Protein chains: 2
Amino acid sequence: MDQSRAVVALAALAQETRLAVFRLLVRAGPEGMVAGSIAEHIGVPGSTMSHHLATLERADLVVSQRESRLIRYTVNFDGMRGLLGFLMADCCQGNPALCDDLLSVPACQPALAGADR
Amino acid sequence: MDQSRAVVALAALAQETRLAVFRLLVRAGPEGMVAGSIAEHIGVPGSTMSHHLATLERADLVVSQRESRLIRYTVNFDGMRGLLGFLMADCCQGNPALCDDLLSVPACQPALAGADR
DNA sequence: TCGATGTTTCTACAAACATCGAAATGTCTT
DNA sequence: AAGACATTTCGATGTTTGTAGAAACATCGA
(Lines give C-alpha, C1' and ligand atoms only; values in the text may rest on other atoms or scores of the structure.)
Protein backbone atom coordinates (compact mmCIF):
# COMPACT_ATOMS: atom_id res chain seq x y z
CA MET A 1 0.00 0.00 0.00
CA ASP A 2 1.42 3.36 -0.95
CA GLN A 3 0.04 6.84 -0.67
CA SER A 4 -1.65 7.02 -4.04
CA ARG A 5 -3.26 3.60 -3.70
CA ALA A 6 -4.58 4.69 -0.34
CA VAL A 7 -6.05 7.85 -1.86
CA VAL A 8 -7.79 5.74 -4.49
CA ALA A 9 -9.26 3.49 -1.81
CA LEU A 10 -10.37 6.37 0.40
CA ALA A 11 -11.89 8.20 -2.54
CA ALA A 12 -13.80 5.06 -3.41
CA LEU A 13 -15.34 5.04 0.06
CA ALA A 14 -15.90 8.80 0.19
CA GLN A 15 -19.21 8.73 -1.62
CA GLU A 16 -22.66 8.07 -0.21
CA THR A 17 -23.67 5.32 -2.62
CA ARG A 18 -20.35 3.51 -2.59
CA LEU A 19 -20.01 3.70 1.16
CA ALA A 20 -23.47 2.22 1.50
CA VAL A 21 -22.50 -0.56 -0.88
CA PHE A 22 -19.30 -1.28 0.96
CA ARG A 23 -21.02 -1.48 4.33
CA LEU A 24 -23.73 -3.64 2.83
CA LEU A 25 -21.04 -6.05 1.64
CA VAL A 26 -19.24 -5.90 4.99
CA ARG A 27 -22.47 -7.04 6.59
CA ALA A 28 -23.03 -9.65 3.93
CA GLY A 29 -19.67 -11.20 4.75
CA PRO A 30 -17.87 -13.78 2.65
CA GLU A 31 -21.02 -14.69 0.75
CA GLY A 32 -21.22 -11.25 -0.80
CA MET A 33 -24.05 -10.22 -3.09
CA VAL A 34 -24.71 -10.13 -6.81
CA ALA A 35 -24.66 -6.81 -8.66
CA GLY A 36 -28.36 -6.59 -9.41
CA SER A 37 -29.28 -7.36 -5.86
CA ILE A 38 -26.96 -4.65 -4.61
CA ALA A 39 -28.43 -2.10 -7.01
CA GLU A 40 -31.93 -3.01 -5.95
CA HIS A 41 -31.07 -2.88 -2.29
CA ILE A 42 -29.47 0.55 -2.54
CA GLY A 43 -31.99 1.86 -5.03
CA VAL A 44 -29.96 3.13 -7.98
CA PRO A 45 -30.03 2.23 -11.70
CA GLY A 46 -27.89 -0.65 -12.80
CA SER A 47 -25.59 1.49 -14.89
CA THR A 48 -24.83 3.76 -11.97
CA MET A 49 -24.20 0.81 -9.69
CA SER A 50 -21.91 -0.81 -12.22
CA HIS A 51 -19.86 2.35 -12.30
CA HIS A 52 -19.59 2.44 -8.51
CA LEU A 53 -18.76 -1.23 -8.18
CA ALA A 54 -15.99 -0.81 -10.73
CA THR A 55 -14.61 2.05 -8.67
CA LEU A 56 -14.63 -0.07 -5.52
CA GLU A 57 -12.98 -2.93 -7.33
CA ARG A 58 -10.27 -0.73 -8.84
CA ALA A 59 -9.58 0.39 -5.27
CA ASP A 60 -9.10 -3.23 -4.17
CA LEU A 61 -11.91 -2.90 -1.66
CA VAL A 62 -14.13 -5.51 -3.26
CA VAL A 63 -13.61 -8.42 -5.58
CA SER A 64 -15.97 -9.82 -8.18
CA GLN A 65 -16.58 -13.24 -9.54
CA ARG A 66 -18.80 -14.20 -12.40
CA GLU A 67 -21.43 -16.86 -11.74
CA SER A 68 -22.89 -17.53 -15.14
CA ARG A 69 -25.04 -14.49 -15.76
CA LEU A 70 -24.59 -12.93 -12.36
CA ILE A 71 -21.57 -11.19 -10.93
CA ARG A 72 -21.00 -11.62 -7.25
CA TYR A 73 -19.19 -8.96 -5.23
CA THR A 74 -17.54 -9.51 -1.89
CA VAL A 75 -15.47 -7.30 0.39
CA ASN A 76 -11.72 -7.65 0.01
CA PHE A 77 -10.68 -7.77 3.65
CA ASP A 78 -7.02 -7.92 2.72
CA GLY A 79 -7.30 -4.66 0.85
CA MET A 80 -9.15 -3.11 3.75
CA ARG A 81 -6.54 -4.22 6.22
CA GLY A 82 -3.84 -2.73 4.01
CA LEU A 83 -5.63 0.59 4.01
CA LEU A 84 -6.16 0.74 7.76
CA GLY A 85 -2.59 -0.30 8.42
CA PHE A 86 -1.34 2.42 6.12
CA LEU A 87 -3.42 5.08 7.85
CA MET A 88 -2.09 4.16 11.26
CA ALA A 89 1.53 3.36 10.41
CA ASP A 90 4.08 4.57 12.93
CA CYS A 91 1.32 5.83 15.14
CA CYS A 92 2.71 8.10 17.85
CA GLN A 93 6.29 7.73 16.67
CA GLY A 94 5.98 3.97 16.81
CA ASN A 95 5.37 4.01 20.52
CA PRO A 96 2.19 1.96 21.06
CA ALA A 97 2.00 2.93 24.69
CA LEU A 98 1.02 6.42 23.62
CA CYS A 99 -2.06 5.47 21.71
CA ASP A 100 -2.65 1.75 21.31
CA ASP A 101 -5.94 1.50 23.10
CA LEU A 102 -7.13 4.56 21.23
CA LEU A 103 -7.56 2.31 18.26
CA SER A 104 -9.35 -0.60 19.85
CA VAL A 105 -11.85 -0.65 17.05
CA PRO A 106 -14.78 -2.90 17.77
CA ALA A 107 -14.19 -4.82 14.59
CA CYS A 108 -16.88 -7.33 13.71
CA GLN A 109 -19.05 -6.16 16.57
CA PRO A 110 -22.68 -5.25 16.09
CA ALA A 111 -23.16 -1.48 15.86
CA LEU A 112 -23.83 0.07 19.21
CA ALA A 113 -27.44 -0.02 20.23
CA GLY A 114 -29.63 2.93 19.36
CA ALA A 115 -28.26 5.42 16.86
CA ASP A 116 -25.66 4.57 14.29
CA ARG A 117 -22.82 5.20 16.62
CA MET B 1 -21.08 8.53 13.47
CA ASP B 2 -23.60 8.38 10.66
CA GLN B 3 -23.22 7.81 6.97
CA SER B 4 -22.82 11.41 5.91
CA ARG B 5 -20.30 12.19 8.66
CA ALA B 6 -18.33 9.16 7.53
CA VAL B 7 -18.37 10.38 3.93
CA VAL B 8 -17.06 13.76 5.08
CA ALA B 9 -14.24 12.08 6.99
CA LEU B 10 -13.31 9.74 4.15
CA ALA B 11 -13.39 12.58 1.62
CA ALA B 12 -11.08 14.53 3.88
CA LEU B 13 -8.57 11.70 3.75
CA ALA B 14 -9.05 10.98 0.05
CA GLN B 15 -6.63 13.63 -1.13
CA GLU B 16 -2.86 13.39 -1.47
CA THR B 17 -1.95 16.45 0.55
CA ARG B 18 -4.46 15.88 3.33
CA LEU B 19 -3.61 12.20 3.64
CA ALA B 20 0.06 13.12 3.94
CA VAL B 21 -0.83 15.65 6.64
CA PHE B 22 -2.95 13.17 8.53
CA ARG B 23 -0.24 10.53 8.52
CA LEU B 24 2.32 13.10 9.53
CA LEU B 25 0.17 13.95 12.54
CA VAL B 26 -0.45 10.28 13.32
CA ARG B 27 3.29 9.86 13.52
CA ALA B 28 3.69 13.04 15.52
CA GLY B 29 1.34 11.65 18.15
CA PRO B 30 -0.27 13.66 20.94
CA GLU B 31 2.23 16.48 20.57
CA GLY B 32 0.98 17.33 17.12
CA MET B 33 2.54 20.04 14.99
CA VAL B 34 1.93 23.71 14.32
CA ALA B 35 0.40 24.79 11.02
CA GLY B 36 3.46 26.46 9.55
CA SER B 37 5.63 23.50 10.35
CA ILE B 38 3.16 21.17 8.67
CA ALA B 39 3.04 23.34 5.55
CA GLU B 40 6.80 23.46 5.39
CA HIS B 41 7.14 19.74 5.94
CA ILE B 42 4.67 18.88 3.19
CA GLY B 43 5.80 21.64 0.87
CA VAL B 44 2.67 23.62 0.03
CA PRO B 45 1.84 27.32 0.50
CA GLY B 46 0.33 28.35 3.81
CA SER B 47 -2.99 29.30 2.29
CA THR B 48 -3.41 25.91 0.70
CA MET B 49 -2.45 24.14 3.90
CA SER B 50 -4.89 26.22 5.89
CA HIS B 51 -7.65 25.12 3.57
CA HIS B 52 -6.72 21.45 3.98
CA LEU B 53 -6.35 21.64 7.73
CA ALA B 54 -9.79 23.21 7.97
CA THR B 55 -11.18 20.33 5.94
CA LEU B 56 -9.57 17.77 8.23
CA GLU B 57 -10.85 19.58 11.28
CA ARG B 58 -14.40 19.83 9.94
CA ALA B 59 -14.20 16.07 9.46
CA ASP B 60 -13.29 15.59 13.13
CA LEU B 61 -10.04 13.94 12.18
CA VAL B 62 -7.80 16.57 13.76
CA VAL B 63 -8.23 19.20 16.44
CA SER B 64 -6.54 22.55 16.71
CA GLN B 65 -5.46 24.70 19.59
CA ARG B 66 -4.07 28.19 19.51
CA GLU B 67 -0.76 28.77 21.23
CA SER B 68 -0.29 32.49 21.06
CA ARG B 69 0.65 33.11 17.45
CA LEU B 70 0.84 29.48 16.46
CA ILE B 71 -1.93 26.99 15.93
CA ARG B 72 -1.17 23.43 16.87
CA TYR B 73 -2.90 20.52 15.17
CA THR B 74 -3.19 17.01 16.56
CA VAL B 75 -4.94 13.86 15.39
CA ASN B 76 -8.37 13.27 16.88
CA PHE B 77 -8.12 9.58 17.70
CA ASP B 78 -11.69 9.50 18.94
CA GLY B 79 -12.92 10.69 15.58
CA MET B 80 -10.74 8.16 13.83
CA ARG B 81 -12.01 5.32 15.97
CA GLY B 82 -15.58 6.38 15.21
CA LEU B 83 -14.87 6.20 11.51
CA LEU B 84 -13.22 2.78 11.59
CA GLY B 85 -15.97 1.40 13.79
CA PHE B 86 -18.58 2.67 11.38
CA LEU B 87 -16.87 1.10 8.39
CA MET B 88 -16.76 -2.30 10.04
CA ALA B 89 -20.08 -2.30 11.86
CA ASP B 90 -21.93 -5.61 11.79
CA CYS B 91 -19.07 -7.19 9.95
CA CYS B 92 -20.02 -10.58 8.55
CA GLN B 93 -23.55 -10.39 9.89
CA GLY B 94 -22.24 -9.65 13.36
CA ASN B 95 -20.46 -12.97 13.51
CA PRO B 96 -16.87 -12.20 14.50
CA ALA B 97 -15.78 -15.77 13.90
CA LEU B 98 -16.17 -15.17 10.21
CA CYS B 99 -13.74 -12.34 9.92
CA ASP B 100 -12.35 -11.07 13.19
CA ASP B 101 -8.69 -11.73 12.61
CA LEU B 102 -9.04 -10.26 9.15
CA LEU B 103 -9.02 -6.90 10.80
CA SER B 104 -6.14 -7.34 13.17
CA VAL B 105 -4.70 -4.02 12.10
CA PRO B 106 -1.20 -3.51 13.35
CA ALA B 107 -2.23 -0.28 15.01
CA CYS B 108 0.62 1.75 16.38
CA GLN B 109 3.18 -0.60 14.92
CA PRO B 110 6.06 0.64 12.86
CA ALA B 111 5.40 0.23 9.16
CA LEU B 112 6.69 -3.03 7.82
CA ALA B 113 10.32 -2.92 6.87
CA GLY B 114 11.19 -2.01 3.33
CA ALA B 115 8.57 -0.34 1.19
CA ASP B 116 5.56 1.52 2.50
CA ARG B 117 3.52 -1.53 3.04
C1' DT C 1 -30.37 -19.37 -33.21
C1' DC C 2 -33.53 -16.44 -30.82
C1' DG C 3 -35.24 -13.86 -27.00
C1' DA C 4 -34.67 -12.76 -22.20
C1' DT C 5 -31.87 -11.38 -18.45
C1' DG C 6 -27.87 -9.23 -16.13
C1' DT C 7 -24.09 -6.15 -16.49
C1' DT C 8 -20.97 -2.90 -18.58
C1' DT C 9 -19.44 0.93 -21.73
C1' DC C 10 -20.36 5.30 -23.81
C1' DT C 11 -21.70 9.98 -23.55
C1' DA C 12 -22.86 14.40 -21.76
C1' DC C 13 -23.48 17.79 -18.37
C1' DA C 14 -23.89 19.98 -13.83
C1' DA C 15 -21.81 20.28 -9.41
C1' DA C 16 -17.94 19.98 -6.33
C1' DC C 17 -13.02 20.51 -5.53
C1' DA C 18 -7.78 21.77 -5.39
C1' DT C 19 -4.80 25.36 -6.00
C1' DC C 20 -2.44 29.64 -4.78
C1' DG C 21 -1.72 34.82 -4.74
C1' DA C 22 -3.43 38.78 -2.43
C1' DA C 23 -5.59 40.83 1.23
C1' DA C 24 -7.39 40.51 5.94
C1' DT C 25 -7.17 38.92 10.77
C1' DG C 26 -5.07 37.87 15.08
C1' DT C 27 -1.00 38.00 18.19
C1' DC C 28 3.44 39.28 19.92
C1' DT C 29 7.45 42.50 20.86
C1' DT C 30 9.18 46.85 21.57
C1' DA D 1 0.98 52.28 18.63
C1' DA D 2 3.73 50.21 15.05
C1' DG D 3 5.86 46.65 12.71
C1' DA D 4 6.75 41.70 12.31
C1' DC D 5 5.07 37.19 12.21
C1' DA D 6 1.56 33.20 11.76
C1' DT D 7 -2.53 31.90 9.88
C1' DT D 8 -6.93 32.39 7.61
C1' DT D 9 -10.32 34.20 4.18
C1' DC D 10 -11.31 35.68 -0.44
C1' DG D 11 -11.42 35.17 -5.39
C1' DA D 12 -10.54 33.12 -9.75
C1' DT D 13 -9.31 29.16 -12.59
C1' DG D 14 -8.86 24.53 -14.29
C1' DT D 15 -9.90 19.74 -13.16
C1' DT D 16 -12.37 15.86 -11.36
C1' DT D 17 -16.57 13.45 -10.28
C1' DG D 18 -21.55 11.67 -9.96
C1' DT D 19 -25.36 10.70 -12.56
C1' DA D 20 -28.30 8.02 -15.66
C1' DG D 21 -30.17 6.95 -20.43
C1' DA D 22 -29.01 4.41 -24.54
C1' DA D 23 -26.50 1.08 -26.69
C1' DA D 24 -23.35 -2.83 -26.53
C1' DC D 25 -21.82 -7.14 -24.57
C1' DA D 26 -22.20 -11.69 -22.21
C1' DT D 27 -24.76 -15.64 -20.70
C1' DC D 28 -28.53 -18.69 -20.33
C1' DG D 29 -32.85 -21.49 -21.64
C1' DA D 30 -35.67 -23.19 -25.24
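Chain letters run A, B, ... following the sequence lines, proteins first, then strands; residues in each count from 1. This is a predicted model, so every value here is computed, not measured.
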Base-pairing mate for D:dG29 - Watson-Crick or G-U, with both contacts under 3.5 Å
C:dC2
Phosphate oxygens OP1/OP2 of D:dT19: is one of them under 4.0 Å from a side-chain N or O of A:His52?
yes
Please indicate whether A:Glu31 has more than 12 foreign heavy atoms, meaning atoms of other residues, nucleotides or ligands, lying under 6.0 Å from its CD.
no
A:Ile71 CD1 - D:dT27 P separation (whole Å):
9 Å
If I take atom CG in residue B:Leu70 and atom P in nucleotide C:dC28, what distance separates them, rounded to the nearest angstrom?
10 Å
For DNA chain D, which residues of residues 31-47 of chain B approach it to below 4.0 angstrom with any heavy atom?
B:Val34, B:Ala35, B:Gly36, B:Gly46, B:Ser47
Which nucleotide sits closest to the side chain of A:Arg69: C:dT9, D:dG29, C:dC28?
D:dG29
It should be established whether A:Tyr73 places a side-chain nitrogen or oxygen under 4.0 Å from OP1 or OP2 of nucleotide C:dT7.
no
Are the side chains of A:His52 and A:Val44 in touch, meaning some heavy atoms are under 4.5 Å apart?
no
Nearest-0.5 Å distance, CG of residue A:Leu13 to CG of residue B:Leu13:
10.5 Å
Reckon A:Thr48 touches a base, only the sugar-phosphate, or nothing at all at heavy-atom distances under 4.0 Å?
base
Taking the side chain as C-beta and beyond, is there a heavy-atom pair between A:Pro45 and A:Thr48 under 4.5 Å?
yes
With both distances under 3.5 angstrom, what nucleotide forms a Watson-Crick or G-U wobble pair with C:dA16?
D:dT15
Checking A:Leu83, A:Val62, A:Val63 against A:Asn76 for side chain to side chain contact (heavy atoms under 4.5 Å, CB included), the one that qualifies is A:Val63
CD/B:Glu40: more than 12 non-hydrogen atoms of other groups inside 6.0 Å:
no
For atom CZ of B:Arg66 and atom P of D:dT7, their distance in whole Å
9 Å
Give, for atom CG of B:Leu25 and atom CZ of B:Phe77, the distance between the pair rounded to the nearest 0.5 Å.
9.0 Å
For B:Leu53 and D:dT7, give me the distance from atom CG to atom P, rounded to whole Å.
10 Å
Honestly curious: do A:Val34 and A:Leu24 fall in one hydrophobic cluster under the side-chain, below-4.5 Å linking rule?
no
Expressed in angstrom and rounded to an integer, what is the separation of B:Arg58 atom CZ from D:dT8 atom P?
12 Å
Just how far, in rounded Å, is C1' of D:dT8 from CD of B:Glu57?
12 Å
Looking at residues 4-19 of chain A, who's got a heavy atom less than 4.0 Å off DNA chain C?
none
I'd like to know if A:Asp78 and A:Arg81 make a salt bridge, using a cut-off of under 4.0 Å between side-chain N and carboxylate O.
yes
Would you indicate which nucleotide in D:dT8, C:dT7, D:dG18 comes nearest to any side-chain atom of A:His51?
D:dG18
